[in-house]
Amino acid sequence: MAHIRFENVTVQYPIYNAHSLSLRNQLVRIGTGGRLAKESSNIVTITALDSVSFELNEGDTVGLVGHNGAGKTTLLRTMAGIYPPVVGEVRRQGKVSTIIELGAGLDVELSGYENIVRMGMLLGSSRREMEAAIPSIEAFTELGDFLSMPVRTYSSGMIMRLMFAVGTAIRPEILLIDEMFGTGDAAFQEKAQSRMQELISAAKIFVFASHSPELIKKYCRRVFSLEHGSLTELNAPVSVAVARPGPDAPPPAASQPVSAPPPNAEEKRPGANAFVANPTYAQDGLYTIHCADFMKDERFARAYAAGEATGSWSGAAVHWRVYVACWLAERASSLEGDLIECGVNRGGISRAIVSYLGAKLQGRRFYLLDTFQGIPVSILSDREMLHNKYFKENYTECYQDVLNTFREFPQVSVVRGLVPDTFGSVDSGRFCFAHIDMNNAISEIAAAEYLWPRLAVGGFMLLDDYAWEINVDQRRAFDRFAGERDMTVLALPTGQGLLMKTREAGEA
C-alpha cells in the first residue's frame, strides 16, 4: 500500500566559505526563501524545510503552491528520498517516480540507447526495467536511427523528446512532478499530455508543484502551501501569485500553450488572483484569457521554430516575448535605418526576426553584438553578481555557432566584443529598431546612450528583461535614462520594457 508520512522533518543545506554573511543573507533570502543560521566563520546553513509534518495515503492527489524558493522542490526531493532530513523522520512505501529534473545524467557523447539506461537508473529504475522499456521509448520518441547516434547530434527538441520519454517510462505508485512543461512540436505535445494523464491516473499517490492555479484545481484534491520552508494545508485549491524568480534563476520555466476558451467558459473575475478557466496563453510568466491568435499564425510559427533551433532558450517556451520583438521589428521596417541587437547569445531572437521580416530586411543591415562567451565579471554590480552563476551556466562560447546560423544571410553582421567598444565596427549611423539584452546595467546603458541619438523618430528600443524582478539594476538605470529624456519605460507583462522615440533631441 502506497504511503508517505513526514514527522517534524527539517532539511538544511550548508554553504561553505561564506565569507560575507550579509551577501549570503541577501542571496538566500531572494533566491531560496530559506532561513539562515551561521555555524562558524565560513559556514552558513539554509533551513529549506522546517518541522514539516503530514501524511499521504492511496488516493491522495496533492498540489504544492508557493513562490519560487519556498521549498516545493526540496519537499518533493525529500519525499523521493533524494534529500535526507537532519531532524525528523520520513516513512515511505511504494515505488516512486520523479519528474523534477529531466535529463539528470544525460551524456551527450553517449547514444540515445545508452542514455535511456543511464538516465533511467539515475531516476531509480533497474537496468532490467530500462532495457525492457526501450521498445516503448523508441516508439514514443519517434527518433528512429538517431537513438543509435551520439546525443550531441540531436536538436534541442529531440533531446527533450528523449528526456521526457525516459522520465515517464516507468509506471510508479507514487508520482512526484515539479511543474508541467512544453515538449517538442504540437503533435508531440499532445502525446506528452496524454502520457502524463495516464501516469497521473495510474499513480496511487500524486504530488504536483506548480504556479498554475488552473492545473492545481484540475489535478489536486489537497493543497499544501509552502512559505520559507513551513507547510500549511489549505482546505481547497486557491489562487497562486505569479512566481518571482530568484537571483540565480532564468526567466520562469514555461508551461505549454493552451487553446482558446470555448464560448461561455467559466471565469471568476473578482480579485487579482482569481481562477480563470481556459486561459489562451500560460507560459513564460504570463497567464491570460486575452487574444493569442499570433500563436496560430504560420509565419510566426516558422520564425519561432527558426529561433528555437539555435538552442537559445534551453527548451523554455517564450512565444509572446519573441512575438513582441518580431512585431516591433516589422513596424520599424517602414522607417529609415538598420536593426541592431546588443546581447545575442546564440541568436534566437535575431534569427526569429530575420525569418519574420523576410524580404522586408532587404537593403538593410542587422548588426549582432555580443562577446559570445558570457559576461565579464568586471562589469557586473554586486547585485548582478548574485545571479552570475546562471550566466556562467547558460552563456558559453558560441561565436562559431552564431556565424553558422547567419551564414546564409549577407545582411546580418556578427560583431564580437564588449559593448560599447564594438560600436566602432558598426558601419551605420541610423537605426529603426534596437534590442538590448546584456543582463548588466553598465553595458545596456552604454548601448542606449550610443543608439538613442541614432534611432529614427518612431523607432523602438526593446529591453528584453527590464521588468523581471531580479533585474533591479537594469530597471533603475533605464528609468533614470528615460527620465532624463522626459519619458518612461513601458513595462510589458512579458518582462520586457519598451521605449519609442517620438522626437529628436531639442525638438518641442
Side-chain angles (χ1 to χ4, degrees), residues 15-32 42 44 245-251 311-312 314 340-350 367-403 413-426 434-454 461-482 484 489 495-497:
I15 297 179
Y16 298 95
N17 299 318
H19 299 297
S20 171
L21 183 59
S22 61
L23 177 61
R24 298 291 172 168
N25 266 321
Q26 184 179 14
L27 169 63
V28 177
R29 185 183 304 116
I30 298 172
T32 68
N42 66 344
V44 170
D248 61 347
S312 298
S314 303
I340 189 167
E341 182 173 50
C342 300
V344 178
N345 193 25
R346 294 188 170 275
I349 294 284
S350 44
Y367 294 94
L368 308 182
L369 279 58
D370 203 314
T371 65
F372 300 103
Q373 59 182 7
I375 308 170
V377 173
S378 60
I379 62 173
L380 294 175
S381 69
D382 290 342
R383 195 194 318 271
E384 289 165 349
M385 281 291 294
L386 296 180
H387 46 282
N388 188 42
K389 176 178 179 290
Y390 167 70
F391 296 148
K392 287 182 177 178
E393 292 176 353
N394 289 272
Y395 299 156
T396 55
E397 172 63 44
C398 59
Y399 179 62
Q400 191 58 51
D401 290 340
V402 175
L403 288 178
S413 297
V414 179
V415 181
R416 182 169 194 169
L418 189 64
V419 170
D421 301 343
T422 45
F423 283 129
S425 300
V426 174
H435 183 231
I436 298 179
D437 181 18
M438 291 180 285
N439 293 291
N440 72 94
I442 289 178
S443 293
E444 292 196 355
I445 291 300
E449 294 282 2
Y450 176 86
L451 293 170
W452 190 258
R454 295 165 174 82
M461 183 173 287
L462 180 63
L463 317 175
D464 180 74
D465 45 22
Y466 166 86
W468 289 109
E469 189 67 24
I470 61 173
N471 294 330
V472 177
D473 289 350
Q474 291 105 291
R475 183 163 60 256
R476 289 176 178 172
F478 272 106
D479 286 344
R480 289 193 296 270
F481 174 87
E484 291 166 359
V489 181
Q496 297 158 302

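Counting begins at 1 with the first residue of the sequence. All of these numbers come straight from a predicted model, not from anything done at the bench.
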Shortest non-hydrogen pair, Phe478 vs Ala448, comes out as CE2-CB, 3.7 Å

With the threshold set at 4.0 Å, does a side-chain nitrogen-carboxylate oxygen contact exist between Arg416 and Glu397?
-> yes

Non-hydrogen side-chain atoms of Asp464 and His435 separated by less than 4.5 Å | yes

At their closest point, which heavy atom of Cys342 faces which heavy atom of Ala447, and how far apart are they?
-> SG-CB, 4.1 Å

Mind checking side chain to side chain contact (heavy atoms under 4.5 Å, CB included) for Val415 and listing every partner two or more places apart, or none if nothing turns up?
-> Leu369, Thr422, Ser425

Heavy-atom side-chain contact between Gln496 and Leu462 under 4.5 Å = yes

Shortest non-hydrogen contact from Asp370 toward Phe372 | OD1-N, 2.9 Å

Which atom of Ile379 lies closest to which atom of Ile442, heavy atoms considered | O-CD1, 3.4 Å

Within a strict 4.5 Å, meaning less than it, do heavy atoms of the Leu368 and Ser413 side chains meet?
-> no

Dump the intermediate steps for side-chain hydrogen bond (donor to acceptor under 3.5 Å, both in side chains) on Tyr466 and Asp437, then the final yes or no.
-> CA-CA 9 Å; Tyr466 166 86; Asp437 181 18; over 6 Å; no

Could you tell me which residues satisfy salt bridge (Lys or Arg N to Asp or Glu O under 4.0 Å) with Asp465, sequence neighbours excluded, listed by chain and number?
-> none

Side-chain donor or acceptor of Asn440 paired with backbone N/O of Ser443 under 3.5 Å = yes

Heavy-atom check, side chain of Thr371 versus side chain of Tyr399, under 4.5 Å = no

Taking every heavy atom of Met438 against every heavy atom of Glu444, the minimum-distance pair comes out as N-OE2, 2.9 Å

Main-chain N/O of Gly497 paired to Arg475 side chain as donor or acceptor, under 3.5 Å | no

Non-hydrogen atoms of Ala441 and Ala477 that approach each other most closely = CB-CB, 4.2 Å

State the OG-CG distance between Ser312 and Asn345, to the nearest 0.5 angstrom.
-> 5.5 Å

Side chain to side chain contact (heavy atoms under 4.5 Å, CB included) assessment of Glu484 paired with Asp479 | CA-CA 9 Å; Glu484 291 166 359; Asp479 286 344; over 6 Å; no

Hey, what's the ring geometry for Phe423 with Tyr450, parallel, tilted or perpendicular (30° and 60° as the breaks)?
-> parallel

Any side-chain heavy-atom pair of Met461 and Trp452 under 4.5 Å | yes

